[in-house]
Structures are given as structure tokens and as C-alpha cells.
Amino acid sequence: MGKPTGFLEVDRIVAKKRPISDRINDYLEIELIPTPSETIEQASRCMDCGTPFCHSGCPLGNIIPEFNDAVYEENWKYAYEILVSTNNFPEFTGRICPAPCESSCVLGINKPAVAIELIEKSIIEKAFSEGWVQPQAPTKRTGKNVAIVGSGPAGLAAASQLNKAGHSVTVYERADQIGGLLRYGIPDFKLDKNIVKRRVDLMVKEGIKFETNVQIGSEIKLSKLQSDFDAILIATGSTTPRIIQSKGNDAKGIYPAMEFLSQQNKRVSNIALIHNHKGEPYLDSDILAAGKNVVIIGGGDTGSDCVGTSNRHKAKSITQIEVMPKPSSERPEHTPWPNWPNMLRTSTSHDEGVDRLWSISLEEFIKDENGQLTGLCIGDIVYEFQDGKMVNKVINHREIPCELALIAAGFLHTDHGNLITEINSLGILLDEYGNIKTDATYQTSQDKIFVAGDARRGQSLVVWGISEGREAARNMDSFLMGHTILEGKTVSTFDLVK
Amino acid sequence: MKIKVSGEGLYRKEFEHDACGIGFVASLKGIKSHRIVQDAIKMLIRMDHRGACGCDPNSGDGAGVIVQIPHEFFLEESRKLKFSLPSLGNYGVGMAFFPKNEVLINECKEVIDRKAKKLGLSILGYRLVPVNNTEILGADSGDSEPDIYQIFIEKPVSCKTEIEFERKLYVFRQYVSNLLNETIRGLENKFYFASMSCRTIIYKGMLTTMQVPGYFIDLFQDNFTSALAIVHSRFSTNTFPEWKLAQPFRFIAHNGEINTVKGNSSWMQAQSALFSSQYFSQEELDMILPICSLGQSDSAILDNAIEMLYLSGRSLPHVMMMLIPEAWDGNESMESYKKDFYEYHAAMMEPWDGPASISFTDGKLIGATLDRNGLRPSRFWVTNDDHVIMASEAGVLDLDPATIVSKGRLQPGKMFVVDMEQGRIVPDEELKEVICQQQPYGQWLRENKIRVEDLPEAGSEYRQPKSNEVISRQQIFGFTTEDIRIVLAQMAETGKEALGSMGIDTPLAVLSDKAQHISSYFKQLFAQVTNPPIDPIRERMVMSLLTDIGGLSNLLEESPSHCKQIEIQQPVLRNKEVEKIRWIDHEKFQTKSIHMTFRASDESGVLKKALDRICNYAEDAVDDGYSIILLTDRGIDSSHAPIPSLLALGAVHNHLIRVKKRAKVGIILEAGDVWETHHFATLIGYGASAINPYMAFETIKLMKENKLVDPNLSYEKLEYNYIKAVNGELLKIFSKMGISTLQSYQGAQIFEILGLDHSVVNMYFTGSISRIEGVDLDTLAKEALIKHGSGYEVLKSINPKLEVGGIYQWKQRGEEHLFNPQTIHLLQQATKLNDYSVFKKYSKLIDDQANKAITLRGLLKFKSAKSIPIDEVEPIEGILTRFATGAMSFGSISYEAHTTLAIAMNRIGGKSNTGEGGEDPIRFQKMANGDSMNSSIKQVASGRFGVTMNYLTNATELQIKMAQGAKPGEGGQLPGHKVDDWIGKTRYSTPGVGLISPPPHHDIYSIEDLAQLIFDLKNANREARISVKLVSEAGVGTIAAGVVKAHADHILIAGYDGGTGASPLSSIRHAGLPWELGLAETHQTLVKNKLRGRVTIQTDGQIKTGRDIAIAALLGAEEFGVATAALVTAGCIMMRKCHLNTCPVGVATQNPDLRALYTGNPDHVVHLFYFLAEELREIMAELGFRKINDMVGRVDLLEMRDVSSHWKYKNLDLSPILSYGNQDSSVPVFKSEEQDHGMADQLDWKLLDLAKDSLLNQKETYAELPIINVNRTVGTIISNEITKKYGERGLKADLIHFKFSGTAGQSFGAFSVKGLKLEIEGDSNDYIGKGMCGSTIIAYPFRNSTFVASENSIVGNVSFYGATSGEAYLAGMAGERFCVRNSGAKIVVEGIGDHGCEYMTGGIVIILGKTGRNFGAGMSGGVAYVLDEKNDFESKVNREMVEMTDLSQEDKVIIKMFLQKHIDFTHSVKGKSVLDNFDSVSNQFKKVMPTDYRNALTVRNLSITDVMNDKNKVYTDIQIELKK
């Protein structure tokens, strides 16, 4: 450990942000890249715990105390090596991860947690700027071909790992660009798409083949992949949005958040708005918030992204409604350290301006005679005890104006389209939530077919996607080669039984 | 085939220990008298308290006497028996023990007669030694009593001299006893010659000292005369009947213990292959061998070796100097001839290392010597009628003071000999000068010995490989990132080993799923109770790392070529050095390199084949005349994996021993799998002379390249630091066991093997302790191959990376930990919310983890039994009283955490423990809400911090900490920054000044010393039970038996895995054993010895669930300690940074800002113990137990899980742990009777009676009383009574004044308090003023003595140990270790021995005469004024922490004041002459003061006088925040 008393001397800071007045006029990243000296100071706060809960809290198993220490010692190269030993894409997680590691940081028991995410981002950006991140094609190929369906975090991580193991990897993506959620889900102001491109370019140089605008299950049948490849990974994410069943939900002006967000990503990159993030034609023309009263239904991260994008569109008003009660601003007792705290989170987009309403029941979408949305009827949910049971009641019904409603109420499961039909026909089952079932080795009942990421575990975090991709890749390598040289999250190379 | 030795349990005979009282009486002029025999016997009786008896008070551990042949007596006896004896010297007498069986005796006699004839000896007759055995009939000793016969043998004409006859008798004795025991059926090794000599005879038996005179009728006959007599009284850990283990032996009586005996005897065996002697024919040598037979004690084996060396032509003093050399290596002040002698002999033989006070005789001369550490007391007197008396104690004979010419003590490493032919005592200097110059040893060395520095440079070195190659090889040898980041970086940067905290909760090597380093199967042994560990830092002067490489020569002769060897200063060979040796080309030296690799194939038997091959190569190399074997694994490649170097070494070492060729070569290693100190220790322990850890060097180089170490250090410096760290820690590992020299450690196998199959142990680690079986060769091969394979995989990888480890820090892909993020969280939630269902989730995880097998108990399961409803199980409240928390000091943990545990334990009726840091008296009062912060258990550890009478009085249990799980055998250090005012006050030390706890208790060097401390503490608080804390290791059961016999009421067997605070990482991992083994062994051994009923057994070490507790109970514990889990409940999150004072949750820190963050709550801790008890009750119900006592030791309800299909531990065999033995229902198996502490006879009852008025009415008392050495611990009970009534303040100074005359027994004035003035006219034994807190102690010789008081001993060793306040005036000299850990007493004395004022932290010591070596070592406080008349004091001071200056004006005032008091109290002649001439002698005074202490006083603007007058002035900044 670099500095035993660092945590007593240095306060936590997080990444500096561009001023609101500046940033709401463009789509450039909000967060600035921390300076090395800031990062070193922050790293000095790490206590190098004997039981590093951060390392346990990180879905990737990032060896956080070790890279913190290396940063403190200004051994950036070593820090980079530690970081990438567990994480293929720290430049993504360093930007958009909600950092469960930080909420389980031991320092968080009674002080602000170590700024792990800031350190992570700083390390990887330093590595890029120093030129340490170079394409590293495997020296030897195994002669095995692997197809990966979906180029989100899980698919990309698996591709990177499998390629490292020497397999020839082809990634199929139904959209026109690689990246999945990273590309068309997350706004540019949080994750600049050049960052995604920078990584994809590297992967291309490492020998991974990317095929965009391909729908597996229709344009190319899964059965074709089965005959052409030695193994297949389905990493199609969880893209089926939850529908709001309220009355009037057929009004014009109600859109799934993803449609809205992906359009904006395309605009930023000057891509014509022809196909959406699913590779399907856009049903409507431009969805723009400018001059409109925008209501975002759902209080999560996607909702927050819609807030930020709406502000940049110059919406007339922006309201975000959430069915759950307002969480406390401190860690509540039912989610004690080191758990992920269910608490009020205020994102950079919120800072830019929004009305946030909690405990709201959406009673009705109100539309005009043209079927165009004009407002929402909402009410406050209150909880009462009746006959010893908790019941909720909606009171205080009222109407709020709304011309654009964005539904950010979460995703149900992976896309149940042609691919799933084909998968089902092979005898592969779905679980009760509609995700694709696998065994503990990510393998389906068809030996060759593996599943990773949200398609398997349901909607989740980017960091989980990467983790799933890595673990699936390791199992696939094992399946292909009889043994594997890829690292496993919980497996040591010194394990005698692997 | 697997041989199961079931039902045997864990006890091994080799674990036995003994300790003793010894002494001799001799006539300087060699005049024989019966008085000498009588006096010797009297002496024996007066040392009764140094011996012991078993469960049955009539069975002694052994006692005896060696005398000259009582010719007059035998002449008359032989007449009665109708045979005639020739003149003295012309016949020998054998003292033979036969089993009581007429048939067997006759059979034996027939063989003896026949063999005598064969050797040309004629037997003159047999005499049955008459005994009176009424006292021992029915006792254990009686059941095994032999018939003792004297066999009279005539000197044959062929023997020209007496010594020739002695040799003949020796051959005959060895031959006959080996033959009889081997050939006669039913003899069962019971035939034994106690002695056979024409000069001496031994009467001994398994007797108490009191029984000796009554038993041997001969000794009482007035014609039974001798000019010398050595006596011995034995205190053994066991009571298994063994008459032959009684002492004296044929040449010596030994008080002490040879720690390295396993190595010494195996080297002796190896060397015997080279024996030849002008005094013995080859045929005779064959009859003599083996010299050291099995089944003997260490002392007996030492005697065997001495005998052989003596009879082959060396004098007895010469032999003693060879075996027990002084500390010569690095001793600048030693004469060069003496150094040469020792250096020469070191090339021939390693020291027999361990505490030893030895009295020796060959019948012509008698002498005594003390080992280099001087850890055994030996006092002597010379009288004006030419008698010399030497004994472990003063006052063992009532001598008229007026007849005493001089009184002295034997000093460390010194010897004295009574030469009866010359009629005088030959002093050490004179004696050694002659012996050391009998040969030109110095010249021999100069001409033959080679220093590695002097060897020519070798051609070239191996290049540093490319970084990915290094990583690949690191992986092959098993390095992890932790080894680099934590282990090596620390060593290379600081020259010291890294520290860790909070014990270890990862799997044992044999249970881990991950490929292990072979050394991890070896657990270091350590000294506890029966001999002391050494402080390798403060007492560095006795330690040595020097070793010689090369073959040995015939031990029985000496010649110049005997020292033809390569000398190295320390065992870590640099690359350059190993090259020099590899290519050495010298007439006597050539090196054979042998590759330790095996074919990388998973075929069964490949490793075996490779080992056979290297053994054959090694043997061939010896035959070809190579004298050095270099085992190297440089030759690995993708198809050849490295053989674990320890395995290869063990194979070669043992193979060569078996073929009798080991002595001809030295073995060195060039091994990649060596980097931690423990790796070096295991290699040296199995016979390596030196090791080149080339991968460690390559790794450090790569670390330097990759900037993983301090960039300011050059590679050379990093390498230097690394070697320094290895050296320092090796010394620590040796010293843990009480071993001082590397040479003695080499091959001594001071380990217990945990988890290797007997097929591996028997073949490659022959003779090592290994009790539970484990992995076989194929599995070891598999472990090597997995690493090898992954190492080559790494090469294929784009970014080669090392494995993460996960031992020192929890890691997702690392080793399992019982406490991990999940379990810690669940435990904290459960106890916080008082939610048993959450606790069950936690305990399920722990217990399930155990099912994966992290601990041995994880492999056990309960048998199904008839269950009972849970409400029939004893209520929870009764169970709660059996719980204790661990010993964690206020200092290591915060006040808040410490009191949380205390309050919680007091609420549930359990016990919390002070730890070794004392306790603020404010906690002894109840709190307003009825809670109490008083820790029931007050610990007494080696540092004795804050151990005052008030502290002892306020305890319900006094716990003597012999060892601690995390670092058994080591001392501790509280760094200055952790000592704030409050802690300083509680520990009676100075804030900001670091504190050192010595490795040993300086008043416990042996079991009889422990008995003494137990007795002292019982006197200090009769209501408290006395507990002894031991750490689980092989042999802990036998030690526990000794401890019970030393009258402990309670024994704690701690597991190796527990522990908080700072410990070296290697100690946490590699020293000690899990409690399952230690507890089971203890219970089994105590039951077997019928001692179990006298003691309560507690166990602790990673106990976390009700299941753990249930298993502990079934294995034999009735109380349970829970420390880590309690701390976790109080908020600890296993940071493992306790040693850094940065605990972020305020538990293990003194930083006020961090303490403010503490959130622990006694309620939560109470919940934990309720949960544990409830879970235990559930298991009890399931097993059908109503009471815990019914459950204790019921191993029949446990069985091992079926692991037969497990790839790794399928061969583990826990049946020794589960051995139920033959349970005799009359033998108690849990605590059911009280110890007899023998308090009734204490002198203090009389003192109390005399001082009644003082105690009641604070009136003055004065009385005069006689005192003798059996009056031990005088003044302690009365001090306890004063404290009970008057608390910490005591009474008005000197209110009660007792004047004693005679010799005071041990621990005079122990823990004596203010108000007492204890005066002795005469002298006193060891430990005077131990723990003195406020009293005044005065000692001076009898007024009618004729000797010069200041040049003679007045008190013994270890005086005023741990004194905290009070004054003492001693007119005479004290022994070794004067004022160790004094923290406030002011004392005047006229001379002292070695190690004076060691670890002292306060007080004033004025010494008006000479001091020994190593003065002021580890001294961090207080002042010493030393009158340096000979101007040689400077060389004796250990300058590490202290500075020496002249006196200031203030100093002079202080000295004069104390001198005046000294003269007033003692009438000291010396004192008067100094004071009278003060102006002229004051410049001879030297002032010694620790630098830190001086700085601390300066900062606080305090003078010595200020502190002397009121110590509280030091502690100004205490904020005691009492909880409301």
C-alpha cells in the first residue's frame, strides 16, 4: 500500500465536469479526464484492505487495491496491466459504470468511498495516450471459428477473449454500427462514440471480423452459423422494452426511450435515420423534444439519459416520473454497506434541469382528436394500512401537459424475434423471465451454442455484460480446446481441478 | 500398502521434556567422606519443588545421584556375598535394571556371563541392591520398578590403565544392552545399565527427591563414601513409567533441554560411519554402535555422545567445549586462540543447542558448565574446609556463614572444574587456555579452511532472462503477485520480512485446491514452557549463521585436514558465489551438480523414478570422491518440471544417511522455488548447507526493471536487503525454538509435517513428525506439473501475468477465506439486527466452506445419535459462562473496542481478556448502569506491562501467555507512535517510546520455572484460577501434562490461525498447528496420564460457529474462546492492517479521529454469543447431550467425512485425532477436582498474623524470622491482602518491616506492595522482587561473613523482573538479567551478570561494580548509573537503543542520595567507600539512558528527578472517556 494514512488526509473528488451552460449546447462528454496528480491523490486514499470488498463488489473482479497502489506509486504501466487483466474495456466502465465497487468500498462505511471509477478511467486514458494500448493479435491461430451474435459489451468482451485465445472470431450485429447498447443506448455526452470506435478499430486490427446490418435468425439462419462455426455465442442483450399499459397508450408522441436516444446518437454521428438500433426501419420521423413538454416515464439511468438529451434538444419542460417513492438521500438501513444502496441518485443530466416526481401513478395518456398526445393524467400514490394490510391509493389526480412521452421503464428480456424462434426450435428453453437458459458454463442444451450477457441474465449493467462475455469465452475456449488459457473470474491457474 | 496405526492417538514419546534441579558436592582435595553423600542427598531434598510428581503424589519423575565407587562399602558387601574384590580401580561395577521377572533375569545373566567371557572379562559377582519400596508400592513408579543388580567385573590384565578398562567396560555395556534388548523376548527394552565403570556408580530411579534416601538403603551406610556426588531431581512432562530416564547419566546431570537433538543424533549417526580410533578396534566399534539408541531423552543422548568423545581420547572439559561452545562467532573480545579452537571444532561438529546447565564428572574431576545463553541457574559456594557446592539454588545446604570463602554463579558459556588431583578449582580462563592450545588450531585453520570470498571467480554467470521468460518461470515455481508485492518487495526494500495481522483463515496446504509450495506442508515448531525462545535481535550476540560446506572427517580424532571446508558467513548464496562453488577445482573439493527435474508427464511414478535417479547419482558422486553436491533445477524445460527442491534434498539427504555416506558430502541448492524465509528454513532444517535462490534474485531484478520497488535503491542494495531479511528471519525461526546457531538447526527437522503421506515422510523426511497422513508423491508431482504447465501456457499468452495468490488478501480467484466479504457482512448484520435467521445464513456459509475443507474440522462430521428435545439441553446461561474473548491488549486495540468486549462478556457471565497491556484501574469499578469494564482474565505475558498487585488482585483468572497463535515463540513490539499517554500510563512506560515484549518470560526457562510463576500468581490472588496459554504444536499434550503437574487450573490451547496485532507473515502461516490437533493431543495425553480432571481446557482459533464449538467440546474442550468473530461483530472488517494504526473502523487503532468512527456495541457482541450458544444447543440436542460436561472428549461421536474419492486429500487420516483410547470410566475426562497449590505451608500466613495490626489499624509492625530456600514467594499473600483492603495506593511506606535471616527461596517479595519492607540477612535465590510494586527490599550477607560482599553473589538471576515501583538495596552481586523490564523501581546493587536492564522502560538502577555483556539491550526507558572501575563497561553495552554519557550535576545528587540509603540499610562497605570518595570516583560513573526516553523527557520538559518523584507527571494528556 502506497500511503497508509492517505484516507485520513485526502478528500474524495470525482471527475470534474464541464459547466452546465456549456455542455447542454453540445453532445461532447461531460466529464473531463482527471489529471494524473488528481488521480494519484485519489489512489492514495485506498486502504489496501485485507478483505477488499470493492474487489468482491466488482462484477469483473477488478483487482482494485493493486491498481490503486500502482497508481499511487506512479507505476501507471503496471496499473494498466493489472486493470486489463480483468477488464477488456476499462474505457467504457471508467465512464458509465455505476461503480458497485465504490458502494462496497470499506472506506464507504464512514467516509466517502475511494474514487475507483475515476482512477480506472485515468489509468486507461493514460495507457492510450502513452501508446501502451496496441493491437495484440495472437501469435498462433487455433483453426477454430467462432460466431458471436450481438456486439454489445458481452459480445465484444467475448470476442476479445476468444480472439486472444487464438480463435477466429466473427461478430454479427444487426445495427449499422458496432457496440450495441454502448453505441446506440448511451448518449454521446456520457460515452463519446469515438471511444467505442477506438476500441473496435483495435479489435479489427487484432483480427476480429465484424459484420454489421445482419439479422441472425432471418438473413442468416442460426443453423447456417451452426454449420459454419465451431461455436456460437448469443449476446443479443435485453432489448424488449416494458410497455406502459395505461389508457391512451396508443397516442402519438409516446416512444420507447431507446428510439429517442438512438436517433440522437445517429444524428451526432451524421448517420441518416433509416434504421434504428435494432436494425429495423424507424416508424416515425425524427423524435425531437424541442419546444415540447417532455415527460419521461421511469426514474432509472435510461430515463436520466432522456432528460439529458431532451435538455440538449431544448425541450419546453422536462418532467421525470417514477412509480416508486423518493429514496432517501443517505444509505437506507435495508441496504446496508456493502450492498448497493437504494438511495437518491442525481445524475449529471438531472443537474441540467428536470422536475422529478416520485410515487406517481400514470393514470392516462391524454390525446387530442388527432390522436396526438397532449398531456398525462397522473396521481400521487399513498400507502395506507387497511385491515392490517398495506394498500396503496392514488390521490390528487391531476393533468400535466405533455407532447412527448418517453418510456424508460426498463427492459423485459431479449428480443423474442426470429432468432429466438429458431433457438426454440432447437430445443433451447427460455427461463421464466424470457431470457435464454444455459447451464453454469453458459452453454445451452445445444453444445455449440452459448449465451452471455443480458440475453441470459436479463437487463443489467455494462460491467456485467463484460463479465459475462469473459466468462462465456473462457467456457467456450475450454469447450473448443479441452482446456483454456483464458483467465476466469474465480478460477486460478493453480487450481488443480478447474 | 498403507499401514494404519489407528487407536494410537497423537501422543509420541519423542515429545517428552524434562527439567530439573541439579547440584553437586565435592571435596577439593579429593577426600572421600560419607558426609559428601549425605550433603548431596540433603540438597536433593531441598530442591523438591524443582521436581514434580504425576497424578499420584507417590510417583516421582525421577531422582538420583552419581558418586565415586564406594570401595569400602563394596568390600564389606562383597564379603557378605562371598566374593572378593580387588583393589579400587581394578574392578568395575555395572548398575543394571532388570524387569522384575526371575526367569528373564536369569536369562539375561546367562547372556551377560557368556558375553563377558567373550570379551575377556570375568564377572566377580552380582549383588541385588537392597531397596525399601514401601513408599512407592501401588504407585505408577512402583508398578514399573525394576530389580537393580550390581555386577562386579574384574579388570583384565590386558588393560594397562584405568581408562583402558573404562573403554572395555563401555564396549561390553553397549554390546550387552543392545544384544539383550534385541534378543530376549519379553524384555521390551527394559534392560538398562544405569552405569558401568570402575570409577563411578549411579543410584537413581523414578522417585521423588524425598524418596531417594529412604529407597536406597546403601546411601545411608556410613561406610558409603565418595569425594564427589552429583544429584539430579527431574520434572518431566509425563508420568509414563520410565526408570531409566531418571538422572544423572553416566557422565552428566543435565538441567535443560537439547532443542536440536534430532539433528545432533542423526549427524552423530551419519558421522559414526567414518569412525575409527586408536583406542577401539573396528570390531569393538561395531559392538558400540549405535551410540545414541532410540527411546531416550535428549539428555541421555547428549550423555551418549559425551561418553564416546571422552573415551576416544579427549578430556571431559574438551568434549564439553565441543558440544556446548561459547558464543564465539562475532565476539570481538574473545582471545584468538579460543576462537580458533571453536572455529576448528565447528567444522567437525555442530553445537548441541539448547538451555543446558551441566554438571559432569569422570570420577576424577568434577565440573560444571553453562550454555551460551545461561538460561539455567547455577550457584556455587566454596567453604573453608575445602568443599565445593554447586546447585540450581542457593541455600540448599545449611552452611555456617562464617565458613564460606566465596559465593558465585556460573556464567553463560563458562565452565569450572574441580581438579581433585591438584586440589583446586581451575577457573574457566585457565582451563580453556590450556585446552585451546593443545593443538595449533589457528594454523590448521589458516592452512586448510577456505573462505568463499577467496575462491577464484567463475567464468560467467547466468544471464537475466527476458521478462516474459522470468514470468513463465515464476509461474512454474509458484510465485504469485502477492509474493512479489507483499513478500519480496518488503524484503528487498527494507531488509525485513513483511508484517500481517488477524491470523489466517485460508485452507491448510493439504486441503487447498490450488497447487501448493511443498514447504507449506511443514509447520515450524517453537519453544514453549520447557525451554525458552531467544530474542534474536536484542541477544544477537549468541546467534550465528556461520556454516561450513564440505564433507566431514573422523570425529574421534583431530588433524589439520578436519577443517578442510568452505566457510560461508550466511546461507544465502549469491549467483556469483554458487558459480564459484559449482566450478571449484581444489584437491579436496569438487562439486557434482545433479539436476532436480522430472519428466513432465502425468504418468504415475515419474517423480519417484526421478528421485531414485538423483539419489543414485548422489551416492555415485560420493563414491567418486566429490565432497559437495549441488542440487539444481536450472535445467527445466517444457518437458521437464522441477522437483520441489525440499523433496529432492530430503531424498538425497536421507538416502545418503541410509547408505552411511552422508557425512562425506555437503549439499547445497540452486533452486527456483525458494524465496520466502520459511522455504530457506525448511531446506536448512533438512540438511542443506547453503541455498542459491536464483529465481528470487531474477524476480527482484525484474521488479526493479518494472519499477515495482523503490527506484532509489540499486539492484545491489535490493539484493543485499533481501539477503539481510532472509538472515534476520532465519535467526528468528531458529530462536523461536531456542536454537542459537544455524549449524545446529541444519538437519534438525524442527517441523511437524501436516498433510504428507507416510510413504513420502518415511522415505524422504525420515523421522519427522507427521500424524495425519496426506498427499503422496503422485499428488506432489501433480502440484508441480500444474504450475509447470501453466508456466509454459503463460509463454503463449500475449500479456503474461502471474497468478494473484489471495493468501494475504482475499481475492475472487485466490485461496478461500472463512472470513470473506459475504460472511463478514452477514455476521455483522445478524448481530446488529439480533436476527438469528441471518446468523444461520452466516454459519451455514462458514460450515459449508468447511465442507469444501478449509479446516481439519471441516473434514469431520457428527455421527447420528439419539437426539433429545432441545429444552432438555442445559440452558443457554450456563453455556455462556464458558465463553471467552481473546487476549487483545489495550494498545493493540482501542479503548472503545476493548471495553465493548469486556462489557459484553461481563453481561453474559463470560470472560474477556486484558491482553498483555495492563488495564486502567478505573475499569475495576462498576459502571453506573451496572455494567463492568473489568476484564475477568488478566493476562501475564513476557512484557509484564502493568502487572501490579492491584491488577492481579482484580482478576478472576490469571493467564500466563506462553505463546500466541499468530507468532508462537516470538516477542512483540508496540511501536512508539501507538503509545499515547494513556497507554503509557497503563503500561507504566513512557509515551511515544516503543515497547518490546521479549520472546520468553524471563522467569520461565523451564517447566519448574512455570510452576514457580503459577505458584507466585496463586499467592498473589488465591481466588483466581491460574491459566496457561499454549499454542497447538506437536507435543503440546505432553507440555500440557507438565503444566498440569505445575498446578495450572486452566489451560488454553490456541490454534495457530488466530491472532490479531502484528506478526511476521511467515509466522502467521507457517508456525504452529490447528487447534484440532493440539486440543485432541492434550486431551488424550492428560486422560492417559490421569491428569485431565485437574484442569479446565479451553481452545480458540478461528472459532466462528456453533458447529466449531461442538467439535471443540467433542475433542476435549470445556471452554471456548472467540476473538476474531467477536471483533468482526464489533465492526472489524478484516482490514489486516492492525499494525499500521490506521484501522478505519476504530477497532485496532489509537488514532483519536479513527476511534471516533468506532460503532461497536456490547449488545451486538452479546447477540453473537447467544447465537453461538443456541446453535451449540441445537447440535447438543441432535447428539443427545444434556450437558457440556457430558460432551467433553466424546470423539466417538465424530467421524471423518468420506473423502476417499477426493483427488488430493483422499489419504488424509484423522483417526489419531479421533482416537478414543481405552476409556477407564474411573478416570475423569473433564475438570472435576481442584489442584493442590500447596498454599497451606506458606510463610505468609505467619506474616499476616504478625502484621494484623498494621493491616487493620495501619500501625507499624516489625518482626524477625528465619528463612530457608523452600520458603518461596514470601511477601506475596500479605501484599494481596493489603491490596484488597487499600487498593492501588497500599499502605504508608515501610509500615510493615520483616527482617529475615537465611537464604530466601525463589520469588522473594514477588509483587510486594507499598507498606512492606522486606530485609534479608543472608542471600536470596532467583526472581527476587519479581513484579515488585511499591515495597522496599534489602539484602546483605550475614554480618559474620568473611568474604567481600561486593565480589560475591547476594541474589540470583532475573531479579526485579517486571518491577513497576519500589526500592531495593543489595549488598553484593546479582546474576544474569538484572532488572529486565523494570518500569519504575529504583535499585542499588554492587555488580550484575549479562543482559542487565534488558527491555527496561523506567526506573533507576545504580550498579557499583562490574556488569556482564549486552547491557541495556532493548532498553527504552529509565536510567542506569554504572561504576566503571576497570574502564571496560563501554564494550559491554548494547548501543542499539541507549547512549552513554558522563554524570550531570543532577545525576550526582541522585546517586548520592541512593548511596546514603544503601549504606544505611545494608551497611555496605563498597557503598561507603564510593560515597566517601565520591568526588574522586564520580567520574568513573557512566550514565546509560535510552535516546528515545531522553527525547521524550525533553519534549515534556521533565527532569529525571521530576519523574523519580512523581511518575504521573509524565502522563498529562489522558482523556478517559468513560461510557455512560
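Below, chains carry the letters A, B, ... as their sequence lines are ordered, and counting in each starts from 1.
- Counting heavy-atom pairs closer than 4.5 Å to chain B, the top-ranked of the candidates Gly50(A), Cys49(A), Pro336(A) is Gly50(A).
- For the set Gln809(B), Gln828(B), Gln475(B), the entry with the most heavy-atom pairs within less than 4.5 Å of chain A is Gln809(B).
- Chosen from Glu793(B), Lys1208(B), Lys832(B), Lys787(B), the residue pairing most often with chain A at heavy-atom distances under 4.5 Å is Glu793(B).
- Thr480(B) touches chain A through its side chain: at least one heavy atom from C-beta onward sits under 4.5 Å away, while N, CA, C and O do not.
- Of the residues considered (Ile485(A), Leu486(A), Ile82(A)), Ile485(A) shows the highest number of contacts with chain B, using heavy-atom pairs under 4.5 Å.
- Screening His167(A), Gln161(A), Lys164(A) against Asp477(A) for a side chain to side chain donor-acceptor pair (under 3.5 Å) leaves a single residue, His167(A).
- Heavy atoms of Asn1141(B) lying under 4.5 Å from chain A are absent altogether.
- There is no contact between Glu74(A) and chain B, counting heavy-atom distances below 4.5 Å.
- Between Lys811(B) and Glu482(B) there is a salt bridge, with a side-chain nitrogen of the basic residue lying less than 4.0 Å from a carboxylate oxygen of the acidic one.
- The pair Lys841(B)-Asp835(B) does not meet the salt-bridge criterion, since no charged nitrogen lies less than 4.0 angstrom from a carboxylate oxygen.
- Within the 4.5 angstrom heavy-atom criterion, only backbone atoms of Asn706(B) (N, CA, C, O) approach chain A.
- Only the side chain of Gln829(B) comes within contact range of chain A, with heavy atoms under 4.5 Å apart.
- Residue Ile486(B) does not touch chain A at all, counting heavy-atom pairs closer than 4.5 Å.
- Contact count versus chain A (heavy atoms, under 4.5 Å) is highest, among Glu815(B), Lys801(B), His825(B), for His825(B).
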Could you go step by step and tell me if Ser85(A) and Glu487(A) meet the side-chain hydrogen bond (donor to acceptor under 3.5 Å, both in side chains) rule? CA-CA 8 Å; Ser85(A) 75; Glu487(A) 310 90 352; over 6 Å; no
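- For the options Thr1159(B), Ile824(B), Leu708(B), heavy-atom pairs under 4.5 Å to chain A are most numerous at Leu708(B).
- A salt bridge between Arg813(B) and Glu803(B) is present, with a side-chain N of the basic residue lying under 4.0 Å from a carboxylate O of the acidic one.
- Both the backbone and the side chain of Lys707(B) come within less than 4.5 Å of a heavy atom in chain A.
- Of all non-hydrogen atoms in Pro59(A) and Lys489(A), the two that sit nearest each other are O-NZ, 2.8 Å.
- The pair Lys514(B)-Glu783(B) does not count as a salt bridge, with every side-chain nitrogen at least 4.0 angstrom from each carboxylate oxygen.
- Aromatic ring centres of Phe53(A) and Trp337(A): separated by under 6.0 Å.
- Heavy atoms of Lys140(A) lying under 4.5 Å from chain B are absent altogether.
- The greatest number of non-hydrogen atom pairs below 4.5 Å with chain B, out of Thr5(A), Leu8(A), Thr86(A), is found for Leu8(A).
- A cation-pi contact, defined as under 6.0 Å to the ring centre and within 45° of the axis, is absent between Arg1136(B) and Tyr808(B).
- No side-chain donor-acceptor contact under 3.5 Å links Ser894(B) and Gln1150(B).
- Contacts between Leu785(B) and chain A at a heavy-atom distance below 4.5 Å are absent for every atom of the residue.
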